[in-house]
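In what follows, a single structure is set out as structure tokens and then discussed.
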Protein chains: 2
Amino acid sequence: MTHDVVYRADCPSRTILDQIADKWSMLVLAVLSEPRRFNEIKRRLEGITQRVLTQTLRRLERNGMITRRVLPGRPLGVEYSLTPLGRSLQGPFGELYNWTVENMDVIQSFQRAYDHRGEQST
Amino acid sequence: MTHDVVYRADCPSRTILDQIADKWSMLVLAVLSEPRRFNEIKRRLEGITQRVLTQTLRRLERNGMITRRVLPGRPLGVEYSLTPLGRSLQGPFGELYNWTVENMDVIQSFQRAYDHRGEQST
DNA sequence: CCGTATCCCAGGCGATACTG
DNA sequence: CAGTATCGCCTGGGATACGG
């Protein structure tokens, strides 16, 4: 039987999932399909704050998925780009992203149906 | 040029990503590869609380990915199972999960290297 | 057994100001 | 330009108790 699989808290894959399965990491990696500077990334991710973008970039860097390169000259410039490891995540993430795009209409109609229950009173 | 793609806050795919790109949804769907009861799921996801599991299940149900079925008889029993939509997510999620398993060693060594910088003092 | 309701706290995040 | 620092809110989630 394979029936007694348990996802333990200290399972490394769970630890790593916690790092990348958030709303921003995926989008940052998508934006970094080509190397970009800090504010370029920020501009493309509507709603992200400077603070959170910095945190996300640091985490991705720590996990070996992107590199940070300070550009010579003034004013200061920093360029972020994918490592091979980060690029290898584009496959899985792309699949997931495509899935959401393909299914968002269906999902939204499910949501409407669900929200409709319990309140067609009077 | 495809260079000016911007991920807008009201993009449906972003809204949906916010729903499924969290640390528990993926694992719940994995556990539901076959229909299971509430406490079965809970037991297999070490560390999840009743409250959070309930919330996760409700959200997945609202999004049309799982169904909730009350079993006849007492004591009360409830069985959760994947819908076709939920099952179609297993592909993308499986890819992502496999990726983390395949790469967790590399990532952990990156993390150690990163954490090592800046503190080999004295 | 499968929830909901309540209380309560830590910490995540936005806003803002400041630096190399 | 690309951050770090500080502050204050506010909500997510743990713990617990209770209900169908």
Side-chain angles (χ1 to χ4, degrees), chain A residues 7-10 14-15 17-28 31-32 34-62 66-81 114-115 117-119, chain B residues 7-10 14-15 17-28 31-32 35-63 66-81 114-115 117-119:
Chain A
Y7 293 93
R8 306 208 168 276
D10 59 349
R14 262 191 57 182
T15 310
L17 268 181
D18 291 349
Q19 303 270 316
I20 62 177
D22 69 289
K23 57 191 269 192
W24 291 117
S25 295
M26 209 177 124
L27 294 167
V28 167
V31 164
L32 286 182
E34 41 192 298
R36 295 194 192 284
R37 299 178 46 164
F38 187 86
N39 279 334
E40 271 185 279
I41 304 171
K42 185 167 186 305
R43 221 174 306 120
R44 283 158 196 278
L45 298 180
E46 199 182 76
I48 199 171
T49 61
Q50 195 174 46
R51 177 190 167 86
V52 170
L53 178 54
T54 301
Q55 288 171 343
T56 304
L57 290 168
R58 290 290 173 279
R59 184 157 24 83
L60 291 173
E61 190 190 1
R62 185 173 106 99
I66 63 175
T67 53
R68 177 181 184 275
R69 182 174 145 252
V70 177
L71 303 175
R74 295 217 44 162
L76 227 79
V78 177
E79 189 185 73
Y80 291 93
S81 46
Y114 186 96
D115 296 340
R117 302 185 216 289
E119 37 119 324
Chain B
Y7 292 94
R8 305 209 168 275
D10 59 350
R14 261 191 57 182
T15 310
L17 270 180
D18 292 350
Q19 304 268 315
I20 61 178
D22 69 288
K23 58 191 269 193
W24 291 117
S25 294
M26 211 177 122
L27 294 167
V28 168
V31 164
L32 286 181
R36 294 193 193 284
R37 302 182 37 167
F38 187 87
N39 278 336
E40 272 185 280
I41 305 171
K42 185 168 184 307
R43 220 174 309 118
R44 284 159 195 277
L45 298 180
E46 198 183 76
I48 198 169
T49 62
Q50 195 173 45
R51 176 190 167 87
V52 169
L53 178 55
T54 302
Q55 289 171 343
T56 305
L57 290 169
R58 291 290 173 279
R59 185 158 22 83
L60 291 173
E61 191 190 0
R62 185 173 107 99
N63 290 335
I66 64 176
T67 54
R68 177 181 185 276
R69 182 174 144 249
V70 178
L71 302 175
R74 295 217 42 159
L76 228 80
V78 178
E79 188 185 73
Y80 292 92
S81 46
Y114 186 96
D115 296 342
R117 300 185 218 289
E119 38 119 324

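Reminder, nothing fancy here: chain letters follow the sequence lines and each chain counts from 1.
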Gap between atom CZ of Arg44(A) and atom CG of Leu32(A) - 0.5 Å precision: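 Answer rounded to 0.5 Å: 10.0 Å.
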
Interatomic spacing from OG1 in Thr56(A) to CD in Glu61(A) - rounded to 0.5 Å: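 Here the rounded value is 12.5 Å.
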
Where at least one partner belongs to residues 47-57 of chain A, residue pairs that pass salt bridge (charged side-chain N to carboxylate O under 4.0 Å, His left out), sequence neighbours excluded: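 Those involving residues 47-57 of chain A do not exist here.
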
Where chain A begins and ends its contact with DNA chain D, read 5' to 3' at 4.0 Å from heavy atoms: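 Under 4.0 Å from chain A, the extent on DNA chain D is dC1(D) to dT6(D).
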
Sugar-phosphate, base or nothing in reach of Arg74(A), heavy atoms under 4.0 Å: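 Answer is nothing: Arg74(A) stays at 4.0 Å or more from every strand.
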
Residues forming a salt bridge (Lys or Arg N to Asp or Glu O under 4.0 Å) with Arg8(B), sequence neighbours excluded: Glu46(A)

By salt bridge (Lys or Arg N to Asp or Glu O under 4.0 Å) - contacts of Arg59(A) (at least two apart): Asp22(A)

side-chain contact (heavy atoms from CB on, under 4.5 Å) against Leu71(B), all qualifying residues, sequence neighbours excluded: Arg37(B), Arg69(B), Glu79(B)

[atom1] of [X] versus [atom2] of [N]: gap in Å, rounded?
X        : N       : atom1 : atom2 : answer
Lys42(B) : dC2(C)  : NZ    : C1'   : 12 Å
Ile66(B) : dC2(C)  : CD1   : P     : 14 Å
Leu76(A) : dT19(C) : CG    : C1'   : 11 Å
Arg58(B) : dA5(C)  : CZ    : P     : 11 Å

Pull out every protein N or O sitting under 3.5 Å from an N or O of nucleotides 10-18 of chain C, one pair per line with the distance.
from: dG14(C); atom 1: OP2; to: Thr49(A); atom 2: OG1; distance (Å): 2.7

Check: Lys23(B) and Leu17(A) side chains under 4.5 Å, non-hydrogen atoms: no

Ser81(B) and Thr67(B): side chain donor to acceptor below 3.5 Å: yes

